[in-house]
Amino acid sequence: MAFGRRRKTMAEETAGADAAAENAPAEAADTAGTGSGSGQAEAAGGPYDVSERSSEEGYVDLGALRIAASQGLQLRLEVEEKTQRVVAVTLDLEGSSLQLQAFAAPRSETLWDDIREQIGKSVASQGGTVDELSGTFGTELLAKVPALAQDGSKGYRVARFVGVDGPRWFLRGVFGGPAAMNPDAAGPLEEVFRNVVVVRGEQPLPPRDLLQLRLPRDASPLPRPDKDAAKPAAPERGPEITTIG
């Protein structure tokens with residue numbers, strides 16, 4: 001598993017669609033497909049609360065999130081330039097991406113309904129559309145924002161939003177690339193999302209505050225690849241790459 005860090009200016013509450021839709025690859029307008037969708041923890045398994053999976057064995061510890069190690073999985077931390085705070089982690093696998101953020105939530109309320117509404121407004125402000133679907137993790141959103149495809153034709157940037165309300169936390173995932181539209185391509189990253197463990201902590205936090213992420217303690221430098229070597233088709237990664245384990 002590889003690890004990277006990329007600087008990125010983001011607002012403290014990043015439940016909107018702007019950043020994720022901006023980084024999603026543009027698809028031709030007539031080829032943008034449909035995604036699969038679903039709502040809280042209706043799917044078998046996780047994501048999990050740390051009380052359900054307390055062992056750290058086989059996981060990368062990012063503070064508020066623990067990610068199960070997987071062959072070929074690469075991680076990038078999204079850093080807010082002004083505060084140097086880690087605000088999200090993006091996982092790259094087989095040409096697709098999954099951005100994760102965890103938020104504090106009220107003990108007796110859920111956040112996903114309100115956040116879906118906010119995402120819809122954000123996408124609409126960019127001239128895009130949002131479809132609400134039922135899929136693997138409950139109610140999901142498929143967002144399409146107008147953009148130019150690589151051949152210069154009109155198309156869309158597509159992002160698939162999923163959300164899970166846990167005990168005093170909310171976990172949001174944004175699928176990009178083929179995983180946003182193709183259920184078969186989404187499978188590997190859906191399994192990664194399903195195995196995420198959220199560590200809420202006991203400290204009191206206002207609802208929607210981001211739970212703190214951090215660099216893994218055992219990260220070490222990764223040799224730079226041969227510039228003449230063939231490069232696999234994968235999302236852009238940050239310049240600082242380290243390997244874990």
Side-chain angles (χ1 to χ4, degrees), residues 1-8 10 12-15 19-20 41 43 45-81 83-94 96-105 111 137 162-176 179 188-206 208-223 234-235 237-245:
M1 178 183 292
F3 178 87
R5 176 175 175 175
R6 183 180 66 183
R7 293 190 176 189
K8 184 177 182 180
M10 301 180 70
E12 176 171 336
E13 186 172 325
T14 51
Y48 299 94
D49 184 73
V50 68
S51 63
E52 299 172 291
R53 288 198 172 181
S54 57
S55 174
E56 298 182 26
E57 184 176 356
Y59 283 85
V60 179
D61 186 357
L62 301 176
L65 295 177
R66 294 177 186 170
I67 310 298
S70 178
Q71 183 66 35
L73 185 66
Q74 296 188 324
L75 287 75
R76 290 178 283 128
L77 292 184
E78 309 289 351
V79 180
E80 187 179 51
E81 287 190 10
T83 64
Q84 290 299 295
R85 181 180 61 159
V86 179
V87 293
V89 58
T90 297
L91 313 175
D92 297 322
L93 182 64
E94 299 180 4
S96 294
S97 65
L98 170 61
Q99 185 197 73
L100 297 174
Q101 290 180 299
F103 301 83
L111 297 180
F137 300 99
V162 300
V164 173
D165 288 292
R168 299 175 60 231
W169 52 258
F170 169 75
L171 178 65
R172 194 200 71 175
V174 187
F175 291 88
L189 276 176
E190 285 184 351
E191 187 65 18
V192 172
F193 185 76
R194 185 175 288 110
N195 284 295
V196 169
V197 175
V198 180
V199 184
R200 164 63 175 81
E202 297 303 322
Q203 70 274 26
L205 292 171
R208 303 182 185 232
D209 262 21
L210 283 167
L211 301 184
Q212 185 174 355
L213 296 170
R214 58 171 171 75
L215 188 74
R217 288 186 292 268
D218 55 353
S220 58
L222 181 73
R237 299 180 179 88
E240 303 172 34
I241 306 296
T242 59
T243 187
I244 297 174

| field | For Gln99 against Ala88, the heavy-atom pair lying closest together | value | CG-CB, 4.0 Å
| task | Walk me through it: do Phe103 and Leu211 pass the test side-chain contact (heavy atoms from CB on, under 4.5 Å)? | result | CA-CA 5 Å; Phe103 301 83; Leu211 301 184; 5.6 Å; no
| request: Compare all side-chain heavy atoms of Leu91 with those of Gln74 and state whether any distance is below 4.5 angstrom. | output: no
| field | Partners meeting side chain to side chain contact (heavy atoms under 4.5 Å, CB included) with Thr83 (sequence neighbours left out) | value | Glu80, Arg85
| Lys/Arg-Asp/Glu bridge criterion (N-O < 4.0 Å) met for Arg200, Asp49 | no
| query | What closest approach, in Å, do Leu111 and Ala104 show between heavy atoms, and which atom pair accounts for it? | reply | CD1-O, 3.6 Å
| query | By side chain to side chain contact (heavy atoms under 4.5 Å, CB included), which residues pair with Arg53, not counting sequence neighbours? | reply | Tyr48, Tyr59, Asn195, Val197
| field | Inter-residue atom distance Leu65.CG - Trp169.CH2, 0.5 Å rounding | value | 9.5 Å
| Any idea which heavy atoms bring Val60 and Pro216 closest together, and the distance? | CG1-CG, 3.8 Å
| Going through the distances and angles, do Arg194 and Val192 end up as a side-chain contact (heavy atoms from CB on, under 4.5 Å)? | CA-CA 5 Å; Arg194 185 175 288 110; Val192 172; over 6 Å; no
| message | Nearest 0.5 angstrom please: Leu100 CG to Thr90 OG1, how far? | response | 7.5 Å
| task | Might you work through the side-chain contact (heavy atoms from CB on, under 4.5 Å) test for Val89 and Glu78, ending with a clear yes or no? | result | CA-CA 6 Å; Val89 58; Glu78 309 289 351; over 6 Å; no
| query | How long is the span from the CG atom in Leu189 to the CG atom in Leu98, to the nearest 0.5 Å? | reply | 5.5 Å
| Shortest non-hydrogen contact between Phe170 and Ala105, atoms and distance | N-CB, 4.2 Å
| field | Contact summary for Ala179 and Ser96, nearest pair of heavy atoms | value | N-OG, 3.0 Å
| remark: residues 62-74 vs salt bridge (charged side-chain N to carboxylate O under 4.0 Å, His left out), sequence neighbours excluded, gives Glu56-Arg66
| field | Between CG on residue Leu62 and CG on residue Leu77, distance to nearest 0.5 Å | value | 6.0 Å
| query | Rounded to the nearest 0.5 Å, what separation is found between the CG atom of Leu210 and the CD atom of Gln101? | reply | 5.5 Å
| message | For the CG atom of Leu73 and the CD atom of Glu94, what is their distance to the nearest 0.5 Å? | response | 10.0 Å
| task | Could I get the full list of salt bridge (charged side-chain N to carboxylate O under 4.0 Å, His left out) partners for Asp61, not counting sequence neighbours? | result | Arg214, Arg217
| task | List for me each residue that meets side-chain hydrogen bond (donor to acceptor under 3.5 Å, both in side chains) alongside Glu52, sequence neighbours excluded, and say none if there are none. | result | none
